[in-house]
Amino acid sequence: MIRLGLCCMFRDEPIKFVTTTATAMSKMQRPAALEKLSQLCLHNSDSLLAALQFCADNGIGCFRVNSQILPIKTHPTFGYQVDELPEGDEIIRRFKACGRLAAKHKLRTCFHPDQFVVLNSPRPDVVEKSILELEYQAEVADWIQADVINIHGGGAYGDKPKALGDFARSLDRLSARVRSRLTVENDDKTYTPADLLPICKSTGVPLVYDVHHHRCLPDELSVEQATYYALKTWIREPMFHLSSPIEGWSGPKPERHHDFIDVTDFPECWNPLDVTVEVEAKAKELAVLKLKADREQQKSAQSVDHKA
């Protein structure tokens, strides 16, 4: 079964997630800032519950949670622990209710930290901040029963083997609740599936195979081969990423995402698999629902052809 995933937000549905800035917090005394942050976290917990209910009602099997679900949680000056917030216990209670709803409807939840999370950076401060961010997201993942925190391999810094070695060494600094969820994804600039598969094998970190990235930055592997080897890195339900280029594959910047998915970009070799496919498209829920309908129409047409 293919489980389609919606990423972070909605285009048309009135479900919104809120955040704030360090600048806004700097204008408040600490108690007032914590009260404001508490209200934002409560709002986001309610929005997540609504998002999961929408997914359950519309046959969408996975929801990616925004990295700022707890706004500026790890900021060096204005960050906080949840138990510092006036309604910290209630925040945790509401997020755990999201986890129960997800479990009831067999929905998957996941995280995809922002680009500043780089475990192999040559700058120790960047690695430290990255670890803090991963630990925070794993804390929320515990509450909502999310099983994936997906990151990119990072930079090559002029020496790809060394950079990958640095990535592997940083894994030892992560808690068990991060490591049990951590995955790595091929990108469209630096690391191909062939680059990452050896590190996945040696560390046990699964590969989230992004077929769009692979088409933009190919290696010696075909889509079918990359799919096969990616599947072997997983001991739970695998996760893949799918998107389509906004100006087509012959356009000037094929890495740019379209609002929707061209159903012909969905690899045929994925059809018989039991996997989550996160839909990375700007039209958000509309794109997921359209792909779902297009795939059903495609299957019906193939069934008619087969009978004929």
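- Cation-pi geometry between R295 and F266 is satisfied (NZ or CZ under 6.0 Å from the ring centre, within 45° of the ring normal).
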**OP:** For T183 and N150, run side-chain hydrogen bond (donor to acceptor under 3.5 Å, both in side chains): C-alpha distance rounded to whole Å, both residues' side-chain angles, the deciding distance at 0.1 Å, then the answer.
**Re:** CA-CA 5 Å; T183 62; N150 181 49; 2.8 Å; yes
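- One distance of note links CD of E13 with CG of L286; it measures 8.0 Å at 0.5 Å rounding.
- Between R94 and D89, no side-chain nitrogen of the basic residue sits less than 4.0 Å from a carboxylate oxygen of the acidic one, so the salt-bridge criterion is not met.
- Under the ring-ring contact (aromatic ring centres under 6.0 Å, His included) criterion, Y80 pairs with no residue, sequence neighbours left out.
- Of the possible polar contacts, none joining the R11 side chain to the A287 backbone as a donor-acceptor pair under 3.5 Å is found.
- Using a distance-only test at 3.5 Å, with no hydrogens or angles considered, a donor-acceptor pair links the side chain of R3 to the main chain of G61.
- Considering all non-hydrogen atoms of both residues, L6 and F10 come closest at CD2-CE2, 3.5 Å.
- The main-chain N or O of T77 is found under 3.5 Å from a side-chain atom of H75 such that the two form a donor-acceptor pair.
- Residues F111 and L49 are members of one and the same hydrophobic cluster, defined by side-chain heavy-atom contacts under 4.5 angstrom among Ile, Leu, Val, Met, Phe, Trp and Tyr.
- L221 and L242 fall within the same hydrophobic cluster, where Ile, Leu, Val, Met, Phe, Trp and Tyr residues are linked whenever their side-chain heavy atoms come under 4.5 Å apart, directly or through other members.
- Residues W234 and I149 do not share a hydrophobic cluster, clusters being chains of Ile/Leu/Val/Met/Phe/Trp/Tyr side chains in contact below 4.5 Å.
- Side-chain atoms of H213 and E185 form a donor-acceptor pair, as typed in the model, at a separation below 3.5 Å.
- Taking 4.0 Å as the cut-off between side-chain N and carboxylate O, E278 and R64 count as a salt-bridged pair.
- If you chain together hydrophobic residues whose side chains sit under 4.5 Å apart, V126 and I72 never meet in one group.
- Screening L70, I69, V140 for a side chain to side chain contact (heavy atoms under 4.5 Å, CB included) with C41, the sole residue that qualifies is L70.
- Aromatic ring centres of H112 and H152 lie closer together than 6.0 Å.
- By the salt bridge (Lys or Arg N to Asp or Glu O under 4.0 Å) test, D188 pairs with no residue at all, sequence neighbours left out.
- The six-membered or imidazole ring of F54 lies away from that of F63, with a centre-to-centre distance of 6.0 Å or more.
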Original post:
After noting the C-alpha distance and the side-chain angles of T20 and L40, does the key distance pass the side-chain contact (heavy atoms from CB on, under 4.5 Å) rule?
Top reply: CA-CA 8 Å; T20 188; L40 296 177; 3.8 Å; yes
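- When atom types are taken as modelled, the side chain of N120 and the backbone of D166 share no donor-acceptor pair closer than 3.5 angstrom.
- Shortest non-hydrogen contact noted between V118 and S130 is N-OG, 2.8 Å.
- The main-chain N or O of F116 is never found under 3.5 Å from a side-chain atom of D114 such that the two would form a donor-acceptor pair.
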**OP:** Any chance you could lay out the salt bridge (Lys or Arg N to Asp or Glu O under 4.0 Å) test for R30 and E84, step after step, and finish with the verdict?
**Re:** CA-CA 11 Å; R30 182 68 171 172; E84 292 181 78; 3.4 Å; yes
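- Using a 4.5 Å cut-off between side-chain heavy atoms of Ile, Leu, Val, Met, Phe, Trp and Tyr, with links allowed through other members, V223 and L217 fall into different hydrophobic clusters.
- Between the side chain of H212 and the backbone N or O of S243 there is at least one donor-acceptor pair closer than 3.5 Å.
- The backbone N or O of E35 lies less than 3.5 Å from no partner atom in the side chain of S38, so there is not a single donor-acceptor pair.
- Here the straight-line distance linking atom CH2 of W143 with atom CG of L48 works out to 11.5 Å at 0.5 Å rounding.
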**OP:** Take N44 and S47, measure what side-chain hydrogen bond (donor to acceptor under 3.5 Å, both in side chains) needs, and give me the verdict at the end.
**Re:** CA-CA 5 Å; N44 285 347; S47 293; 4.9 Å; no
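- With rounding to the nearest 0.5 Å, the separation of OG in S67 from CG in L134 is 9.5 Å.
- No side-chain donor from either of Q225 and E220 sits under 3.5 Å from a side-chain acceptor of the other.
- Side chain of S170 to backbone of L119: a donor-acceptor contact under 3.5 angstrom is found.
- Checking T276 against E237 by side-chain atom types alone, a donor-acceptor pair falls below 3.5 Å.
- Listed by chain and residue number, K290 satisfy the salt bridge (Lys or Arg N to Asp or Glu O under 4.0 Å) test with D294 (two or more places apart in sequence, or in another chain).
- Evaluation of the side-chain hydrogen bond (donor to acceptor under 3.5 Å, both in side chains) rule for W270 yields T227 as partners, not counting sequence neighbours.
- Side-chain atoms of H214 and Y209 include a donor-acceptor pair closer than 3.5 Å.
- Inspection of the H258 and S244 side chains reveals no N or O donor paired with an N or O acceptor under 3.5 Å.
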**OP:** Report the C-alpha distance between E133 and K129 in whole Å, list the side-chain angles of each, state the deciding distance to 0.1 Å, and finish with yes or no for salt bridge (Lys or Arg N to Asp or Glu O under 4.0 Å).
**Re:** CA-CA 6 Å; E133 187 71 10; K129 289 175 184 175; over 6 Å; no
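- Partners of E296 according to the salt bridge (Lys or Arg N to Asp or Glu O under 4.0 Å) rule, which considers only residues two or more places apart in sequence or in another chain, are K292.
- Take R100 and apply the salt bridge (Lys or Arg N to Asp or Glu O under 4.0 Å) test, not counting sequence neighbours, and it matches no residue.
- Of the inter-residue distances, the one linking W249 atom CH2 with D262 atom CG reads 10.0 Å to the nearest 0.5 angstrom.
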Original post:
Could you go step by step and tell me if K73 and E139 meet the salt bridge (Lys or Arg N to Asp or Glu O under 4.0 Å) rule?
Top reply: CA-CA 11 Å; K73 173 71 165 63; E139 179 181 18; 3.7 Å; yes
